[in-house]
Participant: 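Handing you a structure now.
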Amino acid sequence: MITLKGENIYLRALEPEDLDFVHEVENDESIWELSNTQTPFSKYLIKQYIENAHKDIYEVKQLRLVISSYKDKPLGMIDIFDFDFKNKRAGIGILLKEVKDRGKGYGAEALQLLINYCFTRLDLHQLYCNISEDNNASIKLFEKQGFLEIGLKKDWNYSHDSFKNEYLFQLIKK
């Protein structure tokens, strides 16, 4: 699918071979705050998730894609969630697993590919994302792709003995 191929990376469906990669990402406690995760996931559960990842976005209301280099190295994941076909909107989340892969433009390229896919193939009208107030890299990434801050959710997430605000960003199809 040409829609999901960029200059330096491409987005692809989850494969059985991604089990260890997804297991590592989902069980990395340093990023649990981003996904509101509280407990680890077993390989068994992740294997079941991957086996069901082929289900249609219209049925399961979500889609997870792997951000891959052209050397077929998985770099991270990008998600469509809360897919609402009736109102033509969805949420987006993105993560590059390794710190060394961040700041190289892979996230921006993956996000642009997914935006294009959502607006052209899925015929969505708007996309949104939720970003913690202290996640400057994500704020910059989404703003660079045209997302606008439309709200602030005060004391939205509890982490490390304190509450954090969360911004709501939105991109409306032109």
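All values below were derived from every heavy atom in this structure, side-chain atoms included, with hydrogens, water molecules and symmetry-related copies excluded. Note that the structure is a prediction, hence the values are computed from the model and not measured.
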Participant: Can you tell me how far CZ of Phe119 sits from CD of Gln126, rounded to the nearest 0.5 angstrom?
Facilitator: 8.0 Å
Participant: Do Asn8 and Tyr106 make a side-chain contact, defined as non-hydrogen atoms from C-beta onward lying under 4.5 Å apart?
Facilitator: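 Touching, per the 4.5 Å side-chain cut-off.
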Participant: What pair of heavy atoms forms the shortest contact from Ala53 to Leu14, and how long is it?
Facilitator: CB-CD1, 3.9 Å
Participant: More than 12 heavy atoms of other residues, nucleotides or ligands under 6.0 Å from CD of Glu7: is that the case?
Facilitator: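 Check fails, neighbour count at 12 or below.
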Participant: Only one of Lys97, Lys47, Lys43 passes salt bridge (Lys or Arg N to Asp or Glu O under 4.0 Å) with Asp20; say which it is.
Facilitator: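 For Asp20, the salt bridge (Lys or Arg N to Asp or Glu O under 4.0 Å) test succeeds with only one of Lys97, Lys47, Lys43, which is Lys43.
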Participant: State whether Phe85 and Lys88 meet the cation-pi test: NZ (Lys) or CZ (Arg) under 6.0 Å from the six-membered ring centroid, and within 45° of the perpendicular axis.
Facilitator: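 Here Lys88 passes the 6.0 Å and 45° test against Phe85.
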Participant: How far apart are the closest heavy atoms of Glu26 and Ile46, and which atoms are they?
Facilitator: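 Result for this residue pair: CB-CD1, 4.1 Å.
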Participant: Does Leu122 belong to the same Ile/Leu/Val/Met/Phe/Trp/Tyr cluster as Ile172, with side-chain heavy atoms less than 4.5 Å apart forming each link?
Facilitator: no
Participant: Using modelled atom types only, decide if a donor and an acceptor are shared between the side chain of Arg102 and the backbone of Leu96 within a distance under 3.5 Å.
Facilitator: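 Side chain of Arg102 to backbone of Leu96: a pair is present.
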Participant: List the steps and the verdict of side chain to side chain contact (heavy atoms under 4.5 Å, CB included) for Arg12 and Tyr10.
Facilitator: CA-CA 6 Å; Arg12 63 169 176 77; Tyr10 67 100; 3.8 Å; yes
Participant: Can you measure from CD (Glu143) to NZ (Lys140) and round to the nearest 0.5 angstrom?
Facilitator: 10.0 Å
Participant: Hydrophobic clusters here meaning ILVMFWY residues chained together by side-chain heavy-atom distances under 4.5 Å, can you tell me if Leu171 and Leu168 are in one?
Facilitator: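 Different clusters: Leu171 never reaches Leu168 through Ile, Leu, Val, Met, Phe, Trp or Tyr contacts under 4.5 Å.
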Participant: Would you say Asn165's side chain and Asp155's backbone share a donor-acceptor pair under 3.5 angstrom?
Facilitator: yes
Participant: Quick one: do the Ser132 and Asp134 side chains pair a donor with an acceptor below 3.5 Å?
Facilitator: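 Indeed, the side chains of Ser132 and Asp134 share at least one donor-acceptor pair under 3.5 Å.
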Participant: Once you round to the nearest 0.5 Å, how far does CD1 of Ile50 lie from CD of Glu15?
Facilitator: 9.5 Å
Participant: With clusters defined by side-chain heavy atoms of hydrophobic residues (ILVMFWY) lying less than 4.5 Å apart, directly or transitively, does Phe142 cluster with Tyr128?
Facilitator: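 Per the 4.5 Å side-chain linkage, Tyr128 and Phe142 are not co-clustered.
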Participant: Just how far is it from atom CD1 of Ile9 to atom CD of Glu109, taken to the nearest 0.5 Å?
Facilitator: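 Between Ile9 CD1 and Glu109 CD, I get 4.5 Å after rounding to 0.5 Å.
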Participant: Within this structure, what is the CD1-CZ distance for the pair Ile80 and Arg89, rounded to the nearest 0.5 Å?
Facilitator: 15.0 Å
Participant: Of the non-hydrogen atoms in Asp18 and Ala13, which two are nearest, and what is the gap between them?
Facilitator: OD2-O, 4.1 Å
Participant: Same cluster for Phe147 and Leu152 if Ile/Leu/Val/Met/Phe/Trp/Tyr side chains link at under 4.5 Å?
Facilitator: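 Shared cluster, yes.
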Participant: Can you find a heavy atom in the side chain of Val66 that is under 4.5 Å from one in the side chain of Leu75?
Facilitator: no
Participant: Can you see whether Lys153 engages Asn130 through a side-chain donor-acceptor pair at a distance of less than 3.5 angstrom?
Facilitator: yes
Participant: Using a 4.5 Å cut-off on heavy atoms from C-beta on, say whether the side chain of Glu133 contacts that of Glu166.
Facilitator: no
Participant: For residues Asn135 and Tyr167, is any side-chain donor paired with an opposing acceptor at under 3.5 Å?
Facilitator: no
Participant: Looking at side-chain heavy atoms only, is the closest gap between Phe41 and Asn27 below 4.5 Å?
Facilitator: yes
Participant: Determine whether Ile67 and Leu11 satisfy the following criterion, side chain to side chain contact (heavy atoms under 4.5 Å, CB included), listing intermediate values before the conclusion.
Facilitator: CA-CA 5 Å; Ile67 302 167; Leu11 307 180; 3.7 Å; yes
Participant: With rounding to the nearest 0.5 Å, note down the distance linking CD1 in Ile78 to CG in Leu65.
Facilitator: 7.5 Å
Participant: What are the two closest non-hydrogen atoms of Ile139 and Phe169, and how far apart are they?
Facilitator: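 What the structure gives for the nearest pair is CG2-CZ, 3.8 Å.
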Participant: Heavy-atom count around Lys144 NZ within 6.0 Å, excluding the residue itself: above 12?
Facilitator: no
Participant: Nearest heavy-atom pair of Leu114 and Asp79: which atoms, and what distance?
Facilitator: CD2-O, 4.1 Å
Participant: If you count the non-hydrogen atoms of other residues, nucleotides and ligands that lie under 6.0 Å from NZ in Lys104, is the total more than 12?
Facilitator: yes
Participant: Is the number of heavy atoms from other residues, nucleotides or ligands under 6.0 Å of Tyr58 OH greater than 12?
Facilitator: yes
Participant: Run the numbers on Lys154 and Phe163 for side chain to side chain contact (heavy atoms under 4.5 Å, CB included), then give the verdict.
Facilitator: CA-CA 8 Å; Lys154 297 243 182 216; Phe163 285 95; over 6 Å; no
Participant: Report yes if some heavy atom in the side chain of Asp123 is under 4.5 Å from a heavy atom in the side chain of Lys173; otherwise report no.
Facilitator: yes
Participant: Are Val25 and Val22 co-members of a hydrophobic cluster defined by side-chain heavy atoms under 4.5 Å apart?
Facilitator: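 Val22 clusters together with Val25.
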Participant: Can you name the nearest heavy-atom pair linking Phe83 to Gln62, along with the distance?
Facilitator: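 Heavy atoms only, the tightest pair is CB-N, 4.4 Å.
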Participant: Could you check Tyr117 against Leu4 for side chain to side chain contact (heavy atoms under 4.5 Å, CB included), going step by step and ending with a plain yes or no?
Facilitator: CA-CA 7 Å; Tyr117 175 75; Leu4 299 175; 3.8 Å; yes
